[in-house]
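Just below is one structure, and these are the notes that go with it.
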Amino acid sequence: MKIKHIISTLALIALLCSCGRPSIPQNAQHESRLPHIYPDYTEVTIPSNICPLNFAVQEEATEAVARLTYPGGEKVYGEGKKIIIDEEEWKDILASAKGKNIKVEVYAKANDTWKAFDAFNIFVAEEEIDQYISYRLIQPSYVAYEKLTISQRDLTSFEEKDIYNNMSVGEEAVGQCINCHSYKNYKTDHMLFHMRQGLGGTMIVNDGELIKVDLKTKETLSAGVYPSWHPTKNLVAFSTNKTGQSFHTKDISKIEVQDTESDLILYDVDNNEVSIISELEDELEVFPTWSPDGKKLYFCSAHFEYLNDSIAKETEMIHRYKEVKYDLMSADFNPETKEFSNIKTIYAASDSSNNKSVTLPRVSPDGKYLLFAEAEFGCFHVWHPDADIRLMDLTTNKITTLDIINSNRSESYPTWSSNGRWIMVDSRRDDGNYTRPFIAYFDKNGKAHKPFALPQKDPNYYTFFLRSYNRPEFMTEPVKVKPQEFTKKAKEDPISAKYASR
């Protein structure tokens with residue numbers, strides 16, 4: 001009797017589960033076009049370990065369902081106008097479809113009539129993606145920066161956690177801003193981020209140990225700003241910047257951020273020493289990044305001569321900001337002697353044939369390619385609708401615009417996954433105001449594929465989330481230092497870095 005009771009119970013559970021799953025409507029009228037869905041996941045290539053691609057059907061309808069057909073089976077989902085995919089079932093779907101397609105058929109009901117739209121495919125790549133990313137979440141304002149976090153997201157699920165919450169140490173006079181989180185070789189045992197204003201300093205995790213450092217010395221322009229960890233040595237290249245911002249009264253860009261001065265420095269983490277890399281007069285150097293072997297440093301530099309001694313540099317820069325155009329540079333580096341040499345221009349973006357400005361270079365893990373953002377002028381391309389992502393082949397120096405990744409709005413801050421098969425960019429393509437992370441497959445032949453938005457459990461999440469994702473970075477592991485440990489260290493006085501002349 002017990003066995004019969006168990007079988008009956010299991011049968012009842014199976015029946016209830018089948019009743020809860022929507023069915024495909026019969027006699028639906030075919031609409032010869034793709035459905036309007038958000039986010040747009042039509043014909044994208046995705047990692048074989050990504051979380052479910054939930055989406056909303058944006059049609060004049062009251063109900064929608066979608067059938068996912070994959071090697072070995074099919075599943076039907078629908079909750080109102082949302083397609084919410086079961087997470088455990090999705091893992092099985094991905095495993096079955098690895099290296100193949102998932103076929104998606106969408107149906108929408110309006111006025112008691114069902115419509116069937118053209119099917120689309122989601123291709124599941126063989127390659128996985130790094131399990132974690134991190135980003136700063138910030139309101140799109142210009143002075144209210146206290147309510148922000150540096151957060152980490154598990155890409156195989158929807159789990160998001162704070163790395164550090166800016167509100168944990170206070171507000172107003174003791175408030176601060178945090179930015180520029182960075183990792184060594186995608187690992188978190190060596191990482192850093194900056195704190196500015198109240199309790200300022202650079203938070204550095206060095207081989208798992210947390211320290212707080214004041215990188216400003218009397219010989220340098222500022223504390224370190226934009227960082228890049230050396231891949232083999234315990235060194236960090238920084239730019240030092242005097243940054244200001246001005247506001248447009250009638251311009252789609254709203255705000256302009258400028259550097260009036262900027263140099264490059266090298267920080268020796270183990271010896272707590274700062275040295276100068278480059279501080280050339282009339283050159284604005286910024287955004288350093290290392291090659292994967294650590295023998296070359298790439299950065300951006302703009303030649304800019306101040307012409308009016310009777311006004312402040314900040315004032316002159318505000319009047320001439322469109323003249324600032326950055327070229328792509330490189331310098332050879334000897335990791336043993338820590339000496340730089342052979343500084344040269346590898347892409348003269350500012351010359352008359354190009355008349356552009358390059359920012360945010362990042363080299364692929366195999367050293368074959370370099371991504372960068374390019375716009376008409378300046379260094380803060382997140383505010384420039386014309387900003388696009390471009391790709392340089394470092395074996396030929398040929399440059400191509402990644403049209404499939406770009407939109408008619410700002411794309412900035414490109415970065416690579418640790419296996420070089422995935423590109424992540426910050427994009428404002430949705431509404432022009434909020435940056436969201438978009439991920440694109442980059443195949444072994446050097447071809448980029450259509451990007452997709454970072455998936456969320458609720459497909460309407462981005463519609464109501466009023467913060468921007470800033471500086472998205474890949475990580476192969478989560479940050480191990482707890483937010484409370486960062487908060488405790490933040491309240492301590494920083495260690496002063498020493499200056500080492502070269």
Side-chain angles (χ1 to χ4, degrees), residues 130 180-187 190-192 224-239 262-270 275-278 280 283 285-301 326-349 358-374 379 389-400 402 412-425 442 444 446 448 471-476 502:
D130 296 324
C180 294
H181 49 285
S182 179
Y183 310 94
K184 181 178 181 179
N185 294 330
Y186 302 90
K187 301 285 188 179
H190 292 87
M191 62 166 288
L192 63 86
V225 181
Y226 302 110
S228 180
W229 283 87
H230 192 273
T232 63
K233 299 293 184 179
N234 218 8
L235 306 169
V236 186
F238 288 96
S239 63
S262 57
D263 299 320
L264 298 179
I265 63 170
L266 184 71
Y267 178 56
D268 185 324
V269 181
D270 293 332
S275 57
I276 300 293
I277 297 174
S278 178
L280 298 174
E283 292 292 330
E285 300 109 331
V286 71
F287 300 129
T289 191
W290 298 100
S291 61
D293 62 6
K295 295 181 179 179
K296 195 177 289 289
L297 182 72
Y298 295 92
F299 61 97
C300 301
S301 184
Y326 290 80
D327 295 325
L328 182 60
M329 314 289 291
S330 72
D332 294 336
F333 180 67
N334 185 324
E336 304 308 320
T337 64
K338 295 186 285 188
E339 293 180 348
F340 293 87
S341 62
N342 192 28
I343 296 177
K344 63 182 180 181
T345 303
I346 62 171
Y347 173 45
V358 166
T359 64
L360 303 165
R362 296 297 287 269
V363 185
S364 61
D366 60 9
K368 293 181 180 179
Y369 301 97
L370 184 147
L371 289 168
F372 59 86
E374 186 176 67
C379 68
I389 303 302
R390 305 195 75 189
L391 179 77
M392 172 181 279
D393 185 327
L394 291 175
T395 60
T396 63
N397 280 1
K398 180 182 178 182
I399 296 174
T400 55
L402 298 180
S412 66
Y413 207 82
T415 188
W416 299 90
S417 65
S418 64
N419 62 7
R421 293 280 75 89
W422 304 95
I423 294 170
M424 182 164 52
V425 302
F442 186 80
K444 61 184 179 181
R471 194 182 172 99
E473 293 280 1
F474 283 108
M475 308 133 69
T476 56
R502 302 174 64 85

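All residue numbers refer to positions in the sequence shown, counting from 1.
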Under the side chain to side chain contact (heavy atoms under 4.5 Å, CB included) criterion, do Y186 and N419 qualify, and how do the steps go? CA-CA 10 Å; Y186 302 90; N419 62 7; over 6 Å; no
Could you check whether any side-chain heavy atom of D366 comes within less than 4.5 Å of a side-chain heavy atom of P292, counting everything from C-beta outward? no
Donor-acceptor pair, D327 side chain versus A349 backbone, under 3.5 Å? yes
Is there a side-chain contact between L328 and L370 (heavy atoms, below 4.5 Å)? yes
Separation between CG (D130) and CD (E473), nearest 0.5 Å, reads 11.0 Å
Could you point out which residue of L266, D263, V225, L192 forms a side chain to side chain contact (heavy atoms under 4.5 Å, CB included) with F238? L192
Identify the heavy atoms of V286 and L264 that sit nearest to each other, and give their distance. N-CD2, 4.1 Å
Has S301 got a side-chain atom pairing as donor or acceptor with E283's backbone, closer than 3.5 angstrom? no
Taking all non-hydrogen atoms of both residues, which atom of C180 and which atom of Y226 are closest, and how far apart? SG-CD2, 3.8 Å
Go through the steps for T345 and M329 under the test side chain to side chain contact (heavy atoms under 4.5 Å, CB included), then give the verdict. CA-CA 4 Å; T345 303; M329 314 289 291; 3.3 Å; yes
To the closest 0.5 Å, what do you measure between OG1 (T359) and CD (E374)? 9.0 Å
In terms of the angle between their ring planes, are F340 and F333 parallel, tilted or perpendicular, with boundaries placed at 30° and 60°? tilted
How far apart are the closest heavy atoms of I346 and S330, and which atoms are they? CG2-OG, 3.6 Å
Would you say that W229 contacts N234 through its side chain, given a criterion of any heavy-atom pair below 4.5 Å between the two side chains? yes
Do D332 and K296 have side chains that approach each other closer than 4.5 Å (heavy atoms only, starting at C-beta)? yes
Can any side-chain N or O of N185 pair as donor or acceptor with the backbone N or O of K187 at less than 3.5 Å? no
Side chain of W416, backbone of P365: donor and acceptor closer than 3.5 Å? no
So OG of S364 and CE of M392: to nearest 0.5 Å the spacing works out to 12.5 Å
Does the S262 side chain pair with the main chain of E285, one donor and one acceptor, at a distance under 3.5 Å? yes
Validation row: S239, P288 side chains within 4.5 angstrom (heavy atoms): yes
How many angstroms lie between CD1 in I343 and CG in L280, if you round to the nearest 0.5 Å? 6.5 Å
d(K444 NZ, R421 CZ) to nearest 0.5 Å is 9.0 Å
Taking K184 for the side chain and K233 for the main chain, is one N or O donor matched with an acceptor at less than 3.5 Å? yes
Please confirm whether the backbone N or O of P231 pairs with a side-chain atom of W290, one donor and one acceptor, at under 3.5 Å? no
Please report the closest heavy-atom contact between H230 and G294, naming both atoms and the distance. NE2-O, 2.8 Å
With ring-ring contact (aromatic ring centres under 6.0 Å, His included) as the test, pick out the partner of F372 among F287, Y347, Y413, Y298. Y347
Would you check, one step at a time, whether the test side chain to side chain contact (heavy atoms under 4.5 Å, CB included) holds for V425 with L402? CA-CA 12 Å; V425 302; L402 298 180; over 6 Å; no
Residue that, paired with V236, satisfies side chain to side chain contact (heavy atoms under 4.5 Å, CB included) out of S228, S182, P227: P227
Step by step, work out the side chain to side chain contact (heavy atoms under 4.5 Å, CB included) result for S418 and F474. CA-CA 7 Å; S418 64; F474 283 108; over 6 Å; no
So how far is it from I277 CD1 to L297 CG, rounded to the nearest 0.5 Å? 5.5 Å
Given side chains that start at C-beta, do those of Y369 and D393 come closer than 4.5 Å, heavy atoms only? yes
